[in-house]
Number of protein chains: 2
Amino acid sequence: MTTIKALTGSLEDYLEAIYHLLHQENKARVKDVADHLQVKKSSVTVALRALAKQKLINYAPYGEVTLTLLGEKTAEDVVRRHETLKEFFITVLDVDAKQAEDTACKMEHVLSKEMTDKFIQFMEFIDICPRTGQDWVEKFHNYCGEKHASGDCKGCLNEVKEKIRLLPSVKTKEETLCALSSLKPGEKAEVVKIQHKGTFRKRILEMGVTTGAVLMVERMAPLGDPVDIKIRGYHLSLRKEETKNILVKILR
Amino acid sequence: MTTIKALTGSLEDYLEAIYHLLHQENKARVKDVADHLQVKKSSVTVALRALAKQKLINYAPYGEVTLTLLGEKTAEDVVRRHETLKEFFITVLDVDAKQAEDTACKMEHVLSKEMTDKFIQFMEFIDICPRTGQDWVEKFHNYCGEKHASGDCKGCLNEVKEKIRLLPSVKTKEETLCALSSLKPGEKAEVVKIQHKGTFRKRILEMGVTTGAVLMVERMAPLGDPVDIKIRGYHLSLRKEETKNILVKILR
DNA sequence: CTCTTTTGTTAGATATATCTAACTTTAAGC
DNA sequence: GCTTAAAGTTAGATATATCTAACAAAAGAG
Ligand SMILES: [Mn+2]
Ligand SMILES: [Mn+2]
Ligand SMILES: [Mn+2]
Ligand SMILES: [Mn+2]
């Protein structure tokens, strides 16, 4: 039997904490988890037993805690929901970091994959659509903070006008294209062309690196290998070799 | 003592159900609440006791349930959060009604007033900003559903161009203005001028009807009295007399 | 005004998530 | 290597939210 019941929100939080501790400190001790979640150690012990019973972690009393493959997958899923909501709250709604973090961690447990994808697509669309982009988001933040004078709209329209005038680079496309390898951490770009063949190409597509997708470079090792990117809410690590043949269009 | 503890999510749901039943059916029986929330009647009895203890409802065994003033206020607050999230999910993210309803009702319990306001302002801004509006939202929905061809952006830009060409009606403002009383149910508008004086004006401003605010006409009685509007997430009922002297600019 | 159905309550059970207090194991200091 | 300090576990308590089953009150039908 052992019905694979959906995890409770509480257990998702424990799993998430373990995931972060393992990736940041290389160990997830009971005490660390307890501190992280602001609960007592005895509560953690109980939770660990529950997670172990569901085959999400490897655990025995006094033993060290590691994630199973299923646990790793499940944790990544929770983290994706968490980060998606948090990013929306901070970058779009302009909510302060702490509140965004707290609210995201409470809401993440009831956000379906479908809706997570919608949130991600929405943020992508804001970035991609020439009408909007980061400057439009900033307009919104000002709209929130201050009185909205009619003059703002007029000025704003002129900006879009200018944006449009500059944009018919649809023909002179080449100029705006560059290899993924040439991006700097923090930069966002739209995938335009994947110049890979066979299995390699297939693998990369499976990871979500498809034409039209928006990615952001998160980290880049000194020699540019590997390159950590975030795409569709997922974190990926690519070999330098793999990034050279992915052509992108830098956003903004 | 009787520390005024924050309501649990569960109790907020009971309160919300009672609120809706009282406003729609004029009575909130234990059975109705149970059906509404898909729980057993015995669970409702327990919840009613808890709500009564917190002075949110008037209740005695076998007696009828009514909301106290505090309960009414609190319920309105829950409903505002619920409707705000649901509206965002449906109108912006294009999530289907059922999932939007369910997710909103789970998330509403952890959404602060501040963040609720942000969501509302964001939807207002999409409506008000000449760059975006409903047509932009539709672009997003198409972007989600289908492959995003580059041609779309080009066409989209031409639309904005046209929008801008038509928009320098900033000077010929008068033409686009009209009295709130002349709107039809479902129409949205931005408040431009409130031609009221003294106490009346003050009262109306307190209710959230201020210059720049976006409102939507929800219902209008046969003779146009009263007019039910939604503004900043709040439902208001205005006398016909009061709507005549509120000048608005219809959106879209 | 009785009888029956519906509605509502109570008591007791189960499940989750937390805590405190007492105890056990492991790790550190010297 | 002992001895202490830190980390981890267990047992038992509390709180919330639900359920089932048995019972009580109110409403409806005739
Ligand atoms: Mn969480
Ligand atoms: Mn989280
Ligand atoms: Mn709810
Ligand atoms: Mn709700």
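Sequence lines set the chain letters: A, B, ... in the order given, protein chains first and strands last, and positions in each chain run from 1.
- The shortest distance between the side-chain N/O atoms of R49(A) and the OP1/OP2 oxygens of dT10(D) is below 4.0 Å.
- The shortest side-chain heavy-atom distance between L15(A) and I57(A) falls under the 4.5 Å cut-off.
- Per the geometry, CD belonging to E64(B) stands 18 Å off C1' belonging to dT9(C), to the nearest Å.
- K113(A) NZ: more than 12 foreign heavy atoms inside a 6.0 Å radius.
- Around the CD atom of E64(B), the shell of radius 6.0 Å holds no more than 12 heavy atoms that belong to other residues, nucleotides or ligands.
- Atom CD1 of I57(A) is separated from atom C1' of dG8(D) by 14 Å (rounded to the nearest Å).
- Both T8(A) and A28(B) sit near DNA chain C, but only A28(B) has its closest nucleotide nearer the 5' end.
- At the heavy-atom level, T45(A) lies under 4.0 Å from base atoms of the strands shown.
- At the heavy-atom level, V44(B) lies nowhere under 4.0 Å from the strands shown.
- The shortest distance between the side-chain N/O atoms of Y62(A) and the OP1/OP2 oxygens of dT10(D) is not below 4.0 Å.
- Taking only side-chain atoms of K41(B), from C-beta outward, the nucleotide of dC19(D), dT9(C), dA17(D) with the closest atom is dT9(C).
- The base of dT20(C) sits within donor-acceptor range of the side chain of S42(A), with an N or O pair under 3.5 Å.
- Between F88(B) and F88(A), the ring center distance clears the sub-6.0 Å criterion.
- Picking from dT10(C), dG8(C), dT9(D) the nucleotide with the shortest atom distance to the side chain of Y59(A) gives dT9(D).
- Comparing P61(A) and S10(A), the nucleotide of DNA chain C nearest to each residue sits closer to the 5' end for S10(A).
- One interatomic measurement links the two molecules: NZ of K40(A) to P of dT20(C), which rounds to 5 Å at whole-angstrom precision.
- Distance NZ (K27(A)) to P (dA27(C)): 12 Å, rounded to an integer number of Å.
- Nucleic acid contact class of K31(A) (heavy atoms, under 4.0 Å, all strands): sugar-phosphate only.
- Proximity of the aromatic rings of W136(A) and Y143(A) is defined here by a centroid distance below 6.0 angstrom, and this criterion is not met.
- R29(A) has its CZ atom 18 Å from the P atom of dA5(D), to the nearest Å.
- Side-chain nitrogen and oxygen atoms of Y14(B) include none within less than 4.0 Å of the OP1 or OP2 phosphate oxygen of dT16(D).
- Rounded to whole Å, the distance from CG on D32(B) to C1' on dG8(C) is 12 Å.
- The CG-C1' distance, from L7(A) to dA17(C), rounds to 14 Å in whole Å.
- L37(A) has its CG atom 10 Å from the P atom of dC19(C), to the nearest Å.
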